[in-house]
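Remarks on the structure that follows.
Only a predicted model underlies this, so the values are computations on that prediction, with no experimental measurement involved.
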Amino acid sequence: MRAVVNTDDGIRTIDVDEPGGPGVRLSVAAAGICGTDVQFAGFGMTGFVYGHEFAGVDDTGRPYFVEPTIYGGECDECRDGNPQRCTEPGQGNLGVFSDGGMAETVVVPEYTLLALPPQLDVKDACLIEPGAVAWHAVRRAQVQPGERVLVVGGGTIGLLAAATAQHHGFDVDVDTRHSHQRAAAERLGFGTPSGDYDVVIDAAGSDSSLASSARAARRGGRIVPLGVYMDTMPIPGTAISQVKELSYVNSIAYGRHDGVREVEEVAAMLVKKPDLARTLITHRFPIEDAGEAFRVAADRAAGAIKVVIEP
């Protein structure tokens with residue numbers, strides 16, 4: 001079967017063995033390219049099939065999203081609804097140093113499956129994964145009625161974070177860098193930055209975005225650094241963060257609360273907000289064009305928001 005891997009010559013689509021072992025076999029319908037996939041490829045990370053945002057159908061044709069978190073389920077973190085913080089051996093993520101969903105076929109643990117509602121197209125369901133990252137961040141921020149929310153960054157996760165805040169009844173603005181991101185934000189009903197904010201979500205993951213987040217936050221405000229920082233996180237010092245007494249609330253991946261999977265809540269949001277998929281998924285490529293798909297995904301100025309590979 002065909003699968004997407006990183007090689008000495010960059011991202012390529014190659015023939016690999018069919019997956020085996022225990023689990024549920026799915027034919028992959030769509031796999032999104034995440035910013036971390038682009039980063040990993042740039043770092044030269046090899047040895048596994050890429051893709052942690054994916055959905056497919058089983059042998060009966062029933063559609064599923066795959067929650068890529070691999071966990072044991074027995075540690076305190078798992079029992080508390082935080083499988084993303086699992087402490088047991090073997091924990092990890094499909095598509096991150098282990099084979100993921102950018103392939104024609106996958107075999108995944110049954111517990112990773114989420115049956116899709118009939119109103120959600122399986123080819124759009126890859127948005128559930130970044131949506132859950134965004135949903136978890138908004139929950140971590142503990143936004144209160146009447147508070148103002150700003151999202152810094154107009155990529156997929158930034159716009160999904162804004163959609164989540166809006167879904168919960170909050171007014172939200174988005175600080176974008178590129179014109180096509182601004183157009184997407186306006187189409188989805190998000191405002192432009194003005195004044196100070198109680199909660200700022202940094203969905204860009206750069207030195208400048210953290211600085212912008214700190215400047216935009218009110219005194220005593222909260223910042224959720226949602227972008228991926230591979231080394232240190234350059235939090236502004238005394239001139240901003242300490243003088244304002246800002247609180248930084250970290251957020252990683254997604255989990256459960258009150259027995260409900262966050263990925264399930266996001267699937268329901270995507271059904272209620274069909275414009276999200278129509279707006280965010282800007283490019284779709286067949287699996288044989290994976291190299292070009294990654295090139296487009298890496299070039300934010302070219303108009304891409306979410307780039308999807310369809311095996």
Q: Answer with yes or no whether the hydrophobic clustering places Ile281 together with Val4; edges join I, L, V, M, F, W, Y residues whose side-chain heavy atoms lie under 4.5 Å apart.
A: no
Q.
Can you tell me how far apart CG (Leu246) and OG (Ser241) are? Round to the nearest 0.5 Å.
A. 5.0 Å
Q. Is the closest side-chain donor-acceptor distance between Ser179 and Arg182 under 3.5 Å?
A. no
Q.
Listing request: all ring pair (Phe, Tyr, Trp, His ring centres under 6.0 Å) pairs with a residue in residues 240-260, at least two apart in sequence or in separate chains.
A. none
(Q) Please determine whether the number of non-hydrogen atoms from other residues, nucleotides or ligands lying under 6.0 Å from atom CG of Asp15 exceeds 12. (A) yes
Q. How would you list all residue pairs meeting side-chain hydrogen bond (donor to acceptor under 3.5 Å, both in side chains) that involve residues 299-311, not counting sequence neighbours?
A. Glu53-Lys306, Arg284-Glu310
Q) How far apart are the closest heavy atoms of Cys75 and Thr87, and which atoms are they? A) CB-OG1, 3.3 Å
(Q) Could you see if Val172 belongs to whatever hydrophobic cluster contains Val152? Use Ile, Leu, Val, Met, Phe, Trp, Tyr and a side-chain cutoff under 4.5 Å. (A) no
Q | Flag, side chain of Asp198 to backbone of Gly221, donor-acceptor distance under 3.5 Å | A | no
**Q.** Chi angles and distances behind the side-chain contact (heavy atoms from CB on, under 4.5 Å) call for Ile128, Leu270
**A.** CA-CA 8 Å; Ile128 294 175; Leu270 291 173; 3.7 Å; yes
Q | Results of salt bridge (charged side-chain N to carboxylate O under 4.0 Å, His left out) for Glu245 - residues two or more places apart only | A | none
Q. If you look only at pairs with a residue in residues 75-96, which of them pass as a salt bridge (charged side-chain N to carboxylate O under 4.0 Å, His left out), with sequence neighbours excluded?
A. Asp76-Arg79, Glu77-Arg85
Q: State, without any angle test, whether Ser209 and Ser212 hold a side-chain donor-acceptor pair at a distance under 3.5 Å.
A: no
Q) At what distance, to the nearest 0.5 angstrom, does CG of Asp196 lie from CZ of Arg218? A) 9.0 Å
Q) For Ala163 and Leu276, which heavy atoms make the closest approach, and how far apart are they? A) CB-CD2, 3.7 Å
Q.
By the side-chain hydrogen bond (donor to acceptor under 3.5 Å, both in side chains) test, which pairs, at least two apart or in different chains, include something from residues 269-281?
A. Gln166-Lys273, Arg187-Thr279, Asp275-Arg278
Q. So, the side chain of Asp202 versus the backbone of Ala204: is there a donor-acceptor pair under 3.5 Å, distance only?
A. yes
Q) Which pair of non-hydrogen atoms, one from Gly255 and one from Pro83, has the smallest distance, and what is that distance? A) CA-CD, 3.9 Å
Q: Check whether any side-chain heavy atom of Leu159 sits under 4.5 Å from a side-chain heavy atom of Leu280, and report yes or no.
A: yes
Q) Which heavy-atom pair separates Ala41 from Asn6 by the least distance, and what is that distance? A) O-ND2, 3.2 Å
Q: For Thr60, check side-chain contact (heavy atoms from CB on, under 4.5 Å) against everything at least two apart and list the hits.
A: Asp58, Arg62
Q. Linking I/L/V/M/F/W/Y whenever their side-chain heavy atoms sit closer than 4.5 Å, directly or via other members, would Val38 and Val308 fall into one cluster?
A. no
**Q.** Summary of ring pair (Phe, Tyr, Trp, His ring centres under 6.0 Å) pairs that have at least one residue in residues 1-30, sequence neighbours excluded
**A.** none
Q: Taking salt bridge (charged side-chain N to carboxylate O under 4.0 Å, His left out) as the test, write out the residues that go with Arg261, two or more places apart.
A: Glu67
Q. Does the His180 side chain pair with the main chain of Ala304, one donor and one acceptor, at a distance under 3.5 Å?
A. yes
Q: Answer yes or no: is there a donor N or O on one side and an acceptor on the other, between the side chain of Glu129 and the main chain of Cys126, under 3.5 Å?
A: no
Q. Which pairs with one or both residues in residues 90-108 pass side-chain hydrogen bond (donor to acceptor under 3.5 Å, both in side chains), sequence neighbours excluded?
A. Arg2-Glu104
Q) Parallel, tilted or perpendicular: which fits the ring planes of Phe40 and Phe48, with parallel below 30° and perpendicular above 60°? A) perpendicular
Q.
Applying salt bridge (charged side-chain N to carboxylate O under 4.0 Å, His left out) as the test, list every pair that has at least one member in residues 134-163; sequence neighbours left out.
A. Arg139-Glu262, Glu147-Arg222, Arg148-Asp173
Q) Atom CD1 in Ile252, atom CG in Leu226: separation rounded to 0.5 Å? A) 8.0 Å
**Q.** Check: Thr232 side chain, Pro234 main-chain N or O, donor-acceptor pair, under 3.5 Å
**A.** no
Q: Take Val151 and Ile157 through the side-chain contact (heavy atoms from CB on, under 4.5 Å) test and state the conclusion after the steps.
A: CA-CA 10 Å; Val151 176; Ile157 289 181; over 6 Å; no
**Q.** Members sharing Val28's hydrophobic cluster (side chains within less than 4.5 Å)
**A.** Val24, Leu26, Phe54, Tyr64, Val66, Ile70, Tyr71, Leu94, Val106, Val108, Tyr111, Leu113
Q: State, yes or no, whether a side-chain contact exists between His168 and Trp135 at a heavy-atom distance under 4.5 Å.
A: yes
Q) So, for Val263 and Ala132, which heavy atoms are closest and what is the spacing to 0.1 Å? A) CG1-CB, 3.8 Å
Q.
As a quick check of understanding, evaluate side-chain contact (heavy atoms from CB on, under 4.5 Å) for Val307 and Phe294, giving each step before the final call.
A. CA-CA 8 Å; Val307 178; Phe294 267 72; over 6 Å; no
Q: Hey, could you give me each pair passing side-chain hydrogen bond (donor to acceptor under 3.5 Å, both in side chains) that has a residue in residues 31-50? Not counting sequence neighbours.
A: none
Q.
Could you check whether Glu18 pairs with Arg25 (Lys NZ or Arg NE/NH1/NH2 to Asp/Glu carboxylate O, under 4.0 Å)?
A. yes
Q. Considering all heavy atoms of both residues, which atom of Val107 and which atom of Gly21 are nearest to each other, and what is their separation?
A. CG1-O, 3.8 Å
Q) Okay, side chain of Thr13, backbone of Ile287: is any donor-acceptor separation there less than 3.5 Å? A) yes
